[in-house]
There are 2 protein chains.
Amino acid sequence: MKVNKIFLSQVKEELTAAAARAASASPPLTPNHTSISDDDLVSLSVKDLNRLLKGLTRDEVSKLKQRRRTLKNRGYAANCREKRISQKEELETEKDKLRAEVERLQRENSIVKMELNALRNKCEALEQFAHRNDIRVLTHPHHMVSQMHASLVVKSEPMLPSSTVS
Amino acid sequence: MKVNKIFLSQVKEELTAAAARAASASPPLTPNHTSISDDDLVSLSVKDLNRLLKGLTRDEVSKLKQRRRTLKNRGYAANCREKRISQKEELETEKDKLRAEVERLQRENSIVKMELNALRNKCEALEQFAHRNDIRVLTHPHHMVSQMHASLVVKSEPMLPSSTVS
DNA sequence: ATGATGAGTTAGCAC
DNA sequence: GTGCTAACTCATCAT
């Protein structure tokens with residue numbers, strides 16, 4: 001293929017003059033049924049195409065069919081390019097969404113961590129207070145001491161459903 | 001362009017016979033300097049190219065140059081396609097990274113929320129204990145009562161740096 | 001037959 | 001002149 005293409009392009013050149021000659025002869029000397037426009041030819045139904053083909057020579061038929069195929073291919077190629085572009089855009093959109101989601105989660109995370117920190121401080125203060133009270137209470141025994149121990153000793157308590165978290 | 005291309009492809013067909021004829025005449029009847037291989041021609045430096053061009057006819061020179069240009073273009077096109085593919089792969093890699101980051105943050109988030117919940121429960125127990133003690137302590141006034149109030153009344157306390165969070 | 005896609009060619013832009 | 005890329009054509013594959 002490689003060599004052929006180069007070679008043919010050189011050969012083709014020899015025809016430039018002939019091509020120009022023919023092209024300048026307008027309107028075409030053969031205003032037959034093959035003078036249908038590209039847009040019409042490519043959008044024809046098979047039924048209509050066959051109707052158009054009636055009464056043409058074998059050569060005219062195959063040329064017209066080939067032209068139709070080429071025009072169709074042109075459309076397929078354009079379609080393919082567009083698809084490629086929209087797929088790329090889709091990827092970028094998804095990337096942007098994920099990026100936004102990451103940022104949202106980071107914000108949420110830092111807020112929750114701040115809440116956690118605040119609660120830790122509060123808890124610590126309460127624990128110190130409770131501890132000193134504990135000692136004091138132990139000095140004056142009371143029915144609530146056992147309850148206090150139950151909540152202070154456990155580090156990881158059974159959880160409530162997370163729906164209770166803001 | 002559109003019309004021309006279709007037309008030329010039809011014209012080109014007329015040359016098929018001639019092309020086949022010429023191609024079958026191997027080795028070429030003109031084993032001149034234009035018989036350089038594609039690979040060699042495309043990788044030649046400008047200096048070497050000019051050396052090769054010395055003593056060729058105007059026509060041979062322009063044909064050789066055109067062939068070189070076409071070969072170069074072939075390489076550019078391949079390059080372009082490869083670039084397109086690697087860019088797409090890069091986008092997908094970045095997407096995967098972001099997706100993983102989102103999952104990591106979601107996990108981290110739910111852990112922190114569980115910790116927060118646990119701490120809330122603990123705090124609540126401590127508060128109830130403290131509250132009852134408070135009442136009791138108020139009955140037996142003590143120097144620690146004011147300290148307890150300081151930590152219980154405030155809902156949003158000044159924060160420590162978040163580095164203290166696990 | 002129709003549609004999709006990789007590779008090659010060409011035109012045209014940018015440097 | 002060199003490199004890149006959109007559009008086109010062609011070969012080839014799948015349906």
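Quick note on labels: first sequence line is chain A, next is B, and so on, each numbered from 1.
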For this session: Measure from CG on A:Asn50 to C1' on C:dA1 and round the result to the nearest Å.
Result: 11 Å

For this session: For the residue pair B:Gln106 and B:Ser110, confirm or rule out a side-chain donor-acceptor distance under 3.5 Å.
Result: no

Problem set entry | side chain to side chain contact (heavy atoms under 4.5 Å, CB included) partners for B:Val61, two or more places apart | B:Leu53, B:Leu56, B:Lys65

Exercise. Of the candidate nucleotides D:dG1, C:dG3, D:dT9, which contains the atom at the shortest distance from the side chain of A:Lys72?
Worked result: C:dG3

Problem set entry | Rounded distance (Å) that lies between atom C1' of C:dA1 and atom NZ of A:Lys65 | 9 Å

Exercise. Can you check the A:Tyr76 OH to D:dA11 P distance for me, whole Å?
Worked result: 16 Å

For this session: For A:Arg51, check salt bridge (charged side-chain N to carboxylate O under 4.0 Å, His left out) against everything at least two apart and list the hits.
Result: A:Asp48

For this session: Taking side chain to side chain donor-acceptor pair (under 3.5 Å) as the test, write out the residues that go with A:Thr57, two or more places apart.
Result: A:Glu60

For this session: Go through the structure and list residues passing salt bridge (charged side-chain N to carboxylate O under 4.0 Å, His left out) with B:Arg99, not counting sequence neighbours.
Result: B:Asp96

For this session: Using a cut-off of strictly less than 4.0 Å, decide whether B:Thr70 has a side-chain nitrogen or oxygen near OP1 or OP2 of C:dG8.
Result: no

Exercise. How long is the line joining CG of A:Leu71 and C1' of D:dC10, in whole Å?
Worked result: 14 Å

Between the protein and nucleotides 12-15 of chain D, list every N/O to N/O distance that falls short of 3.5 Å.
| from | atom 1 | to | atom 2 | distance (Å) |
| --- | --- | --- | --- | --- |
| D:dT12 | O4 | A:Arg69 | NH2 | 3.4 |

For this session: May I ask you to list the residues of residues 78-92 of chain B, by number, that have any heavy atom positioned under 4.0 Å from an atom of DNA chain C?
Result: B:Arg81

Problem set entry | side chain to side chain contact (heavy atoms under 4.5 Å, CB included) partners for A:Glu124, two or more places apart | A:Gln128

Problem set entry | Point-to-point distance, once rounded to the nearest 0.5 Å, from NZ of A:Lys72 to CG of A:Leu41 | 9.0 Å

Exercise. Nearest-Å distance, CG (A:Leu44) to P (C:dA1)?
Worked result: 15 Å

Problem set entry | Pairs meeting criterion salt bridge (charged side-chain N to carboxylate O under 4.0 Å, His left out) with involvement of residues 83-94 of chain A, two or more places apart | A:Glu94-B:Lys95

Exercise. Between atom CG in A:Leu64 and atom P in C:dA1, what is the gap in whole Å?
Worked result: 14 Å

For this session: Mind checking salt bridge (charged side-chain N to carboxylate O under 4.0 Å, His left out) for A:Glu103 and listing every partner two or more places apart, or none if nothing turns up?
Result: none

For this session: Identify which nucleotide among C:dT9, D:dT9, D:dG3 has an atom closest to any side-chain atom of B:Arg74, counting heavy atoms from C-beta outward.
Result: C:dT9

